[in-house]
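First up is the structure itself, then whatever we jot down about it.
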Amino acid sequence: MARNKAERSETRDFVAFLVKLALFVLILRSFIVSPFNIPSESMQPRLVVGDYLLVAKWPYGFSKYSLPFSIPLFPGRVLPHSPTPGDVVVFKAPPNAHEDYIKRVIALSGDIVQVKKGVVSINGTPVERKQIADFEHPVTPNSPCYHDEFEAAGGNGTRICRYPQFQETLPNGVTYRILDIYEDSEGDNTQAFVVPEGHMFLMGDNRDRSADSRFPAQEGQAIGMVPEENLVGKALVSVFSTDGSAEWIKPWTWFTAARWHRIGERF
């Protein structure tokens, strides 16, 4: 009898531990941080396919979009705070706010944005931009070159991709790197956009591979202007990165595929 009571007590304790653990994870993911992985090249050179990030939930406040599964616990946005131009943000993409996207904030409500010959202008002033050394990355299973013309020989018999790279500096002084691979590509010349109240103008750092606020919102494609309410959070730190060469049946490849130098990079 005593043994049965002890077993029931251990079972209750274990179930209680699992419930507490689930609540902790739920609170952590809802209000503190959540994971995000990079599925495309739209944020190169800062982010590459195979990067895994932590996204901070608290900087911009909370809405149903920042909660797991977009649970509508409360209307609107609680403790709202607008992002700063230059922030890298995760958000629910218009028009239906089903998918998580990641882009860089370029402008906010009331700003006028236009792109001419690849140069972004904000309120009539061109964003400072200068060409710097080409961006290079190894050819890997999840990061091939866009086209043969960008592929070159690397060291030790490896192959690399090499792309034209520029440094942009926003009016508030935030500096970051972008890729502008092709001249006169779609999106290099746009109309003048006025950012509506409560919205953001977002762009990918890889200008020729990003369906962003330069294009009308379409499900699974471009995003148009994004409401601040759709914000999930701010990119915080890179926690892991893989080149895509790992195989489950070969455990040692889990380590050789890791891009160790990218771990711990902050935004």
Q: Report the C-alpha distance between V33 and L236 in whole Å, list the side-chain angles of each, state the deciding distance to 0.1 Å, and finish with yes or no for side-chain contact (heavy atoms from CB on, under 4.5 Å).
A: CA-CA 9 Å; V33 294; L236 184 63; 4.2 Å; yes

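- Distance alone, capped at 3.5 Å, places no donor-acceptor pair between the D87 side chain and the V89 backbone.
- With contacts defined as side-chain heavy-atom distances shorter than 4.5 Å, the pair P138/D243 does not qualify.
- A distance-only check finds no donor-acceptor pair linking the side chain of N96 to the backbone of H98 [under 3.5 Å].
- Going from atom CZ of R129 over to atom CG of L170 covers 13.0 Å, rounded to the nearest 0.5 Å.
- Side-chain contact between P45 and L179 is present, with at least one heavy-atom pair separated by less than 4.5 Å.
- Other residues, nucleotides and ligands place more than 12 heavy atoms under 6.0 Å from the CD atom of E265.
- Side-chain contact between V55 and F267 is absent, with no heavy-atom pair separated by less than 4.5 Å.
- Using a 4.5 Å heavy-atom cutoff, the side chains of K103 and S42 are in contact.
- When all heavy atoms are compared, the tightest approach of T253 to A246 is OG1-CA, 3.5 Å.
- Using a 4.5 Å cut-off on side-chain heavy atoms (C-beta onward), P83 and L108 make contact.
- At a cut-off of 3.5 Å, with distance as the only test, a side-chain donor of Y176 or E168 sits close to an acceptor on the other residue.
- Looking only at distances, a side-chain donor or acceptor of T190 sits under 3.5 Å from a matching main-chain atom of V115.
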(Q) Applying side-chain contact (heavy atoms from CB on, under 4.5 Å) to S34 and K57, what does each step give before you reach the verdict? (A) CA-CA 7 Å; S34 65; K57 291 295 188 75; 3.2 Å; yes

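- With values rounded to the nearest 0.5 angstrom, I181 atom CD1 is found 9.0 Å from E149 atom CD.
- Hydrophobic clustering of Ile, Leu, Val, Met, Phe, Trp and Tyr side chains at less than 4.5 Å, counting indirect connections, unites F150 with V48.
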Listing, residues 192-205 side-chain donor-acceptor contacts under 3.5 Å, not counting sequence neighbours, or none:
residue, atom, partner, partner atom, Å
H199, ND1, E197, O, 2.9
D205, OD1, R104, NE, 2.9
D205, OD2, R104, NE, 3.4
D205, OD2, R104, NH2, 2.8

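- Proximity of the aromatic rings of F91 and F36 is defined here by a centroid distance below 6.0 angstrom, and this criterion is not met.
- Closest of all the heavy-atom pairs between Q131 and P164 is NE2-CB, 4.2 Å.
- Within the structure, every pair that satisfies the ring-ring contact (aromatic ring centres under 6.0 Å, His included) test and touches residues 105-140, not counting sequence neighbours, is listed here: F135-H137, H137-Y163.
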Q: Take I106 and V120 through the test side-chain contact (heavy atoms from CB on, under 4.5 Å) and record every step on the way to the result.
A: CA-CA 9 Å; I106 298 298; V120 180; 4.2 Å; yes

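- Scanning all heavy atoms of the two residues, the minimum distance from P126 to G124 falls at CD-O, 3.7 Å.
- Looking only at distances, a side-chain donor or acceptor of N172 sits under 3.5 Å from a matching main-chain atom of P85.
- Separating the CG atom in D188 from the CG atom in D180 is a distance of 5.0 Å, to the nearest 0.5 Å.
- Ion pairing of E41 with R209 is present here, as a side-chain N (NZ or NE/NH1/NH2) and a carboxylate O approach within less than 4.0 Å.
- Remark: the backbone N or O of E229 is paired with a side-chain donor or acceptor of S63 at under 3.5 angstrom.
- Q165 and R177 are linked by a side-chain donor-acceptor pair at a separation below 3.5 angstrom, with hydrogens and angles left out of the test.
- Contact record, G187 with F215: CA-CZ, 3.7 Å, taken as the closest heavy-atom pair.
- In this structure a side-chain-to-backbone donor-acceptor pair under 3.5 Å is present from R77 to Y60.
- When only modelled atom types and interatomic distance are considered, T175 and Q167 share no side-chain donor-acceptor pair under 3.5 Å.
- Residues I263 and V237 share a single hydrophobic cluster, defined by chaining ILVMFWY side chains whose heavy atoms lie under 4.5 Å apart.
- The hydrophobic cluster around V49 extends to none of the other residues, as no ILVMFWY side-chain heavy atom falls under 4.5 Å of it.
- Side-chain contact, Y65 with D100: no donor N or O sits under 3.5 Å from an acceptor N or O.
- Looking at residues two or more places apart in sequence or on another chain, you find a salt bridge (Lys or Arg N to Asp or Glu O under 4.0 Å) between R162 and E136.
- The same ILVMFWY cluster, assembled from side-chain heavy atoms under 4.5 Å apart, contains both V90 and L47.
- Using a 4.0 Å cut-off between a side-chain N of Lys or Arg and a carboxylate O of Asp or Glu, K117 and D184 do not qualify as a salt bridge.
- Side-chain contact check for E219 versus P95: some heavy-atom pair is nearer than 4.5 Å.
- In terms of heavy atoms, A257 sits closest to S245 at CB-OG, 3.3 Å.
- For S238 and D51, the side-chain atoms include no donor-acceptor pair closer than 3.5 Å.
- In this structure, S210 OG and I223 CD1 are separated by 7.0 Å, a value rounded to the nearest 0.5 Å.
- Contact record, A222 with P216: CB-O, 3.2 Å, taken as the closest heavy-atom pair.
- Here W248 pairs with W254 under the ring pair (Phe, Tyr, Trp, His ring centres under 6.0 Å) rule; sequence neighbours left out.
- Distance check: K64 NZ to N230 CG gives 9.0 Å after rounding to the nearest 0.5 Å.
- Distance alone, capped at 3.5 Å, places no donor-acceptor pair between the N37 side chain and the Y52 backbone.
- Listed by chain and number, the residues in a side-chain hydrogen bond (donor to acceptor under 3.5 Å, both in side chains) with T242 amount to none (sequence neighbours excluded).
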Q: Would you check, one step at a time, whether the test side-chain contact (heavy atoms from CB on, under 4.5 Å) holds for I38 with I102?
A: CA-CA 8 Å; I38 303 302; I102 186 167; 4.0 Å; yes

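- Without hydrogens or angle criteria, S143 side chain to T140 main chain gives no donor-acceptor distance under 3.5 Å.
- In this structure, N123 contributes its side chain and I112 its backbone to a donor-acceptor pair below 3.5 Å.
- Using a 4.5 Å cut-off between side-chain heavy atoms of Ile, Leu, Val, Met, Phe, Trp and Tyr, with links allowed through other members, Y182 and F166 fall into different hydrophobic clusters.
- In this structure, CG on D134 lies 12.0 Å from SG on C161, to the nearest 0.5 angstrom.
- Within the 4.5 Å cutoff, side-chain heavy atoms of V226 are placed close to those of P94.
- Both V174 and I178 sit in one connected hydrophobic cluster of ILVMFWY residues. Membership requires side-chain heavy atoms under 4.5 Å apart, directly or through other members.
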